Number of protein chains: 2
Amino acid sequence: MTAIESLAACGVKASPQRVAVLDYLMEHHTHPNVDDIYAALHPDYPTLSRTTVYNTLRLLTESGVVQTLSIDERNAHYDADVTLHAHFICTACRTIIDIPLREAALDAMAELPREMQVESTQLYFRGLCPACKCRAEHA
Amino acid sequence: MTAIESLAACGVKASPQRVAVLDYLMEHHTHPNVDDIYAALHPDYPTLSRTTVYNTLRLLTESGVVQTLSIDERNAHYDADVTLHAHFICTACRTIIDIPLREAALDAMAELPREMQVESTQLYFRGLCPACKCRAEHA
DNA sequence: AACAAGTTTGTAACGATTACAATCACTCGC
DNA sequence: GCGAGTGATTGTAATCGTTACAAACTTGTT
């Protein structure tokens with residue numbers, strides 16, 4: 001599914017800026033923040049405004065096309081993969097890594113009262129990534 | 001375990017301000033933010049500074065006595081219960097609710113690479129709480 | 001071409017958090 | 001007891017991510 005198709009599918013008008021932002025997210029699974037995206041797109045879209053990036057990401061999140069990660073207390077990160085998976089953030093290098101999840105286990109794990117309407121689920125791990133763990137052990 | 005004992009157990013010097021903050025957290029399972037805590041303690045500790053509340057909560061988090069929740073994009077919330085449980089935040093009224101977890105299921109759920117050193121785990125749900133869901137349905 | 005509706009832009013404001021320097025409290029050797 | 005030194009607290013100022021807002025721009029329609 002292309003960015004344009006995703007936008008159409010959820011009824012969001014496909015401006016060049018929106019396509020560019022979503023395209024970037026779909027091609028880079030690095031969980032970028034707003035500045036990463038802005039810096040990456042600015043060369044190609046010289047008039048692009050940071051505000052537009054913020055607005056677009058909010059819109060895309062509300063539309064369910066991307067998810068906003070609050071794993072990093074410093075700033076929000078974004079992910080165009082909205083299938084069930086967890087995230088690990090390295091507290092040293094700040095890299096965010098995808099963690100696959102066994103789908104069935106989620107229901108088995110949480111005892112959610114029936115009267116609650118869950119709209120999104122986020123599972124975060126914090127710690128040291130392999131590289132930083134290794135570096136720490138040799139220091 | 002009292003607040004003073006907890007502080008001693010993890011080697012944090014027990015100043016009146018620190019005891020007050022931790023005491024408050026241990027007695028109120030409302031997942032307060034900094035301003036909630038400050039507002040609650042200020043009458044009894046007129047010289048208390050917001051900065052001290054921030055500093056104390058950071059120290060307590062680093063010591064593992066409390067956990068900092070990043071479930072609310074607006075501000076951090078704090079929880080003196082560091083046993084395994086998830087959190088649900090109502091996107092309408094902003095209330096944070098504890099969700100019990102079946103401990104065994106966590107391992108079954110996440111496929112964490114062996115070389116990663118996980119230091120903390122947070123599971124967040126977002127949606128409508130029973131009261132707000134009901135209100136929404138009747139509107 | 002004129003208009004309306006919605007989008008983008010840039011700047012200004014906001015608000016949570018942190019930095020910093022001054023003051024304060026407490027302990028320890030005298 | 002007393003002053004130095006260490007660490008804690010305080011208040012203000014700065015920082016920085018994000019949002020509000022108003023003006024300029026696009027696009028589709030008559």
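Here the structure is a predicted model, which is why all the values come from computation and not from measurement. Throughout, a chain's letter reflects where its sequence line sits, starting with A, and its residues are numbered from 1. Atom set for the values below is all heavy atoms of this structure, side chains included, hydrogens, waters and symmetry mates excluded.
The interatomic distance linking L57(B) (CG) with dT9(D) (P) rounds to 12 Å, in whole Å. As a whole-Å value, the separation of L59(B) CG from dT18(C) P is 13 Å. D72(A) places its CG atom 14 Å from the P atom of dT17(C), with the value rounded to the nearest Å. When the P atom of dT8(C) is taken as reference, atom NE2 of H42(A) falls 15 Å away, rounded to whole Å. Taking atom CZ on R94(B) and atom P on dA16(C), their separation rounds to 12 Å, with Å as the unit. In this structure, CG of L60(A) is placed 12 Å from P of dT7(C), rounded to the nearest angstrom. As a whole-Å value, the separation of L41(A) CG from dT8(C) P is 13 Å.
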Item to check | nucleotides 17-30 of chain D: protein proximity per nucleotide (B base, S sugar-phosphate only, - neither; heavy atom, under 4.0 Å) | outcome: SBBB----------

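Using a cut-off of 4.0 Å between Lys/Arg side-chain N and Asp/Glu carboxylate O, E111(B) and R102(A) are scored as salt-bridged. Note on R94(A) versus E73(A): salt bridge recorded, some NZ/NE/NH1/NH2 to OD/OE distance being below 4.0 Å.
Comparing Y38(B) and R18(B) by the nucleotide of DNA chain D that holds the closest heavy atom to each, the one mapping nearer the 5' end is R18(B).
Judged purely by distance below 3.5 Å, without hydrogens or angles, the side chains of H77(A) and D36(A) never pair a donor atom with an acceptor atom.
Between H85(A) and H87(A), the gap from one ring centroid to the other is short of 6.0 Å.
A sub-4.0 Å separation between OP1 or OP2 of dT9(C) and a side-chain N or O of T52(A) is present. Taking only side-chain nitrogens and oxygens, T47(A) never comes nearer than 4.0 Å to OP1 or OP2 of dT8(C).
Around atom CG of L84(B), more than 12 heavy atoms belonging to other residues, nucleotides or ligands sit under 6.0 Å away.
In this structure Y54(B) satisfies the ring-ring contact (aromatic ring centres under 6.0 Å, His included) test with no other residue, sequence neighbours excluded.
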